[in-house]
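Remember, predicted model here, so these are calculated numbers, not experimental data. Each chain gets a letter, A, B and so on, in the order the sequences are listed, and its residues count up from 1.
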2 protein chains.
Amino acid sequence: MNDRQPGSTSPKAQLIAGEVRRRIVEREWQQGERIPDEADLAVTFGVARATVNKALQLLADEGLLDRRRRAGTRVALNPVRKAIFTIPIVREQIERAGMKYGHRVVAQRRSPIPDETAARIGVPPGREFIHLRAVHYGDERAFQFEDRWINPDSVPGLDKVDFRHQNANEWLVRNAPYLRADIAFSAENADARDARMLGVPKGQALLILHRSTWNDTGPITTVRIACHPGYVISTAD
Amino acid sequence: MNDRQPGSTSPKAQLIAGEVRRRIVEREWQQGERIPDEADLAVTFGVARATVNKALQLLADEGLLDRRRRAGTRVALNPVRKAIFTIPIVREQIERAGMKYGHRVVAQRRSPIPDETAARIGVPPGREFIHLRAVHYGDERAFQFEDRWINPDSVPGLDKVDFRHQNANEWLVRNAPYLRADIAFSAENADARDARMLGVPKGQALLILHRSTWNDTGPITTVRIACHPGYVISTAD
DNA sequence: TAGTGGTCTAGACCACTGG
DNA sequence: CAGTGGTCTAGACCACTAT
């Protein structure tokens, strides 16, 4: 009746999630403890059960709650920590940082994929893919070195594209939407090629990003991206 | 055509999201193009509008759709790709890999935080925190080296805990729920201490994880974790 | 101003699973 | 078997914003 909240948006589910989060953080509800069921909370907060459900699902997705039918909802014992990273398009990332974007293709040719790459994307070894090496620059300084394999059968018209004058990343984003993607981070010492491409000493620690994408007909592309020293991937944006 | 999912539950929202995803991937609905509004889709699919709404919000969260009031829903021009990583508790990660977990505290003392650390968590430099260095082992081999600073004011009773016989990570997880966390990945060449702690050559490329947490009263802890060579963080699980 | 997504509600039925 | 979360529905009103 008198829920007036002048001027402020008030998604009730958010408010409820915040209140539950507060009770957990302030140890009103202890780890492992069962909290009231949805119907009770709905009465307590004066909202519909669906609203409580939405709020609690939010917190369960965050890993703060464990929910099971019949067993009820408990404060998680081992809060699973999830981190969401947005994987930007290189050009946008560089331009957003106020730098001038540049792009140079080092090599483009068809060749049989190496065994390791074949295993990574789950195709028989020895198949011919399009192999592409390119460097992305920000203000003339090497930003990323990308080593990419593209499945020529994955997208019609792919054979006719000349990636020497066309950013492969962006072409693929626009022409080959994918259904599934794998992303992995690791660290490697720069080998001779990495060092040459990025203009850094051999042995320099580099953040390496592996990304592969598939659609319903099979793999589209897999790429190893070596980032310039100092590159940081963060949830903080 | 054949959306059969034998034995699997079929929440309608999931099915609808899958169908919309399919239409996008198969270019039935092109990038930038407007798709029918929720009411139309509800009729098309024979469900309530709320169900369509849920499905489309899923896809918008994935970055596949752009939705705006009054303007309608469009296939995203630059699909923003989000990756969700779960940050496991070290012990569980090691034990899940079938290895024996070990843990050794190298140092614990109060000391003033370095400027860089202070800046990272947003407190004035020079404050005294609890400084902790520890190594986590899997089957007797160094797995991670952690260098942690804990705010003594963040959790009551913290002063009395002896982390030499108590895993700091797990104690904090259970006793200091947080409201906000930042996580960042980067790569560094092992310095002398990293090398000694992990038993690797100096200069070895290491994946570095920085994590900081806050509750409503301020920072709780910030930690730099150096992972053993070969460590990979992946969405694939 | 009107069209579109955002959210809520009250009620219903179902799916799972603990006791 | 019965209690709890999972999901759906039909309807409603609101918040934004393109036109």
**Q.** Whether A/W171 and A/F163 hold their rings parallel, tilted or perpendicular, with breakpoints at 30° and 60°
**A.** perpendicular
Q | Close residues, residues 63-71 of chain B, relative to DNA chain D [heavy-atom separation under 4.0 Å] | A | B/R68, B/R69, B/R70, B/A71
(Q) Please determine whether side chain to side chain contact (heavy atoms under 4.5 Å, CB included) holds for the pair B/T213 and B/R180, giving the CA-CA distance in whole Å, both sets of side-chain angles, and the decisive distance to 0.1 Å. (A) CA-CA 6 Å; B/T213 58; B/R180 187 165 73 83; over 6 Å; no
Q) For atom CZ of B/R68, is the number of surrounding heavy atoms from other residues, nucleotides or ligands below 6.0 Å larger than 12? A) no
Q. Among A/R104, A/Q144, A/H228, A/K100, which one satisfies side chain to side chain donor-acceptor pair (under 3.5 Å) with A/Y137?
A. A/R104
Q) Rounded to the Å, how far apart are A/L58 CG and C/dT7 C1'? A) 13 Å
Q: Calculate, to the nearest 0.5 Å, the distance between atoms CG and OG1 belonging to B/N215 and B/T221 respectively.
A: 11.5 Å
Q: May I ask you to verify if any side-chain N or O of A/T73 is less than 4.0 angstrom from the OP1 or OP2 atom of D/dT4?
A: no
Q) Angle class for the B/F85/A/F185 ring planes (parallel below 30°, perpendicular above 60°, tilted otherwise)? A) tilted
Q. Taking only N and O in the side chain of A/N53, is any of them less than 4.0 Å away from OP1 or OP2 of D/dG5?
A. no
Q | Whether over 12 other heavy atoms sit under 6.0 Å from A/R27 CZ | A | yes
Between the protein and nucleotides 9-12 of chain D, which nitrogen or oxygen pairs are less than 3.5 angstrom apart?
residue	atom	partner	partner atom	Å
D/dT9	OP1	B/K12	NZ	3.2
D/dT9	OP2	B/A48	N	2.8
D/dT9	OP2	B/T51	OG1	2.5
D/dA12	N6	B/R49	NH2	3.0

Q) Got more than 12 heavy atoms from elsewhere within 6.0 Å of CZ, B/R164? A) no
Q. In residues 34-45 of chain A, which ones come under 4.0 Å of DNA chain C, going by heavy atoms?
A. none
Q) Using the ring of each side chain (for Trp, its six-membered ring), is A/Y231 parallel, tilted or perpendicular to A/F143, with breaks at 30° and 60°? A) perpendicular
Q: Could you check how far CG of B/L15 sits from C1' of D/dG6, rounded to whole Å?
A: 15 Å
Q) For residues A/T222 and A/R211, is any side-chain donor paired with an opposing acceptor at under 3.5 Å? A) no
Q) When you check the phosphate oxygens OP1 and OP2 of D/dG6, does a side-chain N or O of A/Q57 lie under 4.0 Å from one of them? A) yes
Q | Worked check of side chain to side chain contact (heavy atoms under 4.5 Å, CB included) between B/R34 and B/W29 | A | CA-CA 8 Å; B/R34 175 142 173 222; B/W29 288 338; over 6 Å; no
